[in-house]
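So the structure is just underneath, and the comments pick up after that.
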Amino acid sequence: MLFPYVVATARPAHPYLERVSDALRSDSVAQETLWTFLDNSCNQLATAQSMHIHRNTVAYRLARVAKLTGHDPQDPEGSWVLAAARLHGRDRGNVASDGDAPETSG
């Protein structure tokens, strides 16, 4: 997790990461799914089991994340950018941290 931290704390990256964080905040369900996906090592099945939803629902929500942010969380580069945006948002108090997001289904 060192690389996303370095990017998240680099001042030149702040405006870009803020735009990504803003896009994620517009859809709290997709954001929660993304955080759970990242916490489960980008494993859709583990994410689905953790959230008590169907794997296809996870895939659908991750596609929404990609559409909202322009970064596909299933792509290694995309997941790094999204992880950096998560850390940046936490540092600024703009993103729900682990356990702060409301539980949803479907």
Side-chain angles (χ1 to χ4, degrees):
M1 211 47 157
L2 180 61
F3 179 75
Y5 175 77
V6 170
V7 172
T9 57
R11 185 169 290 284
H14 288 188
Y16 181 76
L17 294 175
E18 189 63 30
R19 286 191 298 271
V20 174
S21 292
D22 287 345
L24 288 170
R25 278 196 308 274
S26 71
D27 187 336
S28 63
V29 173
Q31 178 181 325
E32 177 190 8
T33 304
L34 173 63
W35 296 168
T36 306
F37 179 70
L38 293 174
D39 290 343
N40 282 288
S41 302
C42 300
N43 182 312
Q44 282 191 24
L45 184 57
T47 300
Q49 291 172 342
S50 175
M51 297 183 77
H52 308 288
I53 58 177
H54 194 278
R55 189 183 63 78
N56 290 347
T57 303
V58 173
Y60 170 75
R61 291 179 184 179
L62 294 176
R64 284 192 347 222
V65 168
K67 186 174 182 176
L68 285 169
T69 65
H71 296 284
D72 184 353
Q74 298 178 85
D75 174 72
E77 185 176 325
S79 66
W80 283 111
V81 171
L82 294 164
R86 178 186 193 182
L87 291 171
H88 175 74
R90 280 184 177 171
D91 288 345
R92 297 179 52 84
N94 293 335
V95 176
S97 61
D98 296 335
D100 291 344
E103 183 142 345
T104 61
S105 62

Atom [atom1] of [X] and atom [atom2] of [Y]: how far apart are they, to the nearest 0.5 Å?
X	Y	atom1	atom2	answer
Trp35	Thr47	CH2	OG1	13.0 Å
Leu38	Trp80	CG	CH2	10.0 Å
Thr57	Met51	OG1	CE	9.5 Å
Leu87	Leu17	CG	CG	9.5 Å
Asp75	Leu82	CG	CG	9.5 Å
Leu45	Gln49	CG	CD	4.0 Å

### Query
When hydrophobic residues are tied together by side-chain contacts of less than 4.5 Å, even through go-betweens, does Leu68 share a cluster with Tyr16?
no
### Query
What residues form a salt bridge (charged side-chain N to carboxylate O under 4.0 Å, His left out) with Asp27, not counting sequence neighbours?
Arg64
If I compare all heavy atoms of [X] with all of [Y], which pair ends up nearest, and what's the gap?
X	Y	answer
Phe37	Asn43	CE1-N, 3.7 Å
Ala85	Ser21	O-OG, 3.2 Å
His71	Val20	CD2-CG2, 4.2 Å
Ala23	Ser26	O-OG, 2.6 Å
Pro73	Ser79	O-CB, 3.4 Å

#### Entry: Candidate pair Ile53 and Arg61, rule side-chain contact (heavy atoms from CB on, under 4.5 Å), full reasoning
CA-CA 11 Å; Ile53 58 177; Arg61 291 179 184 179; 3.5 Å; yes
#### Entry: Check: Thr69 side chain, Val65 main-chain N or O, donor-acceptor pair, under 3.5 Å
yes
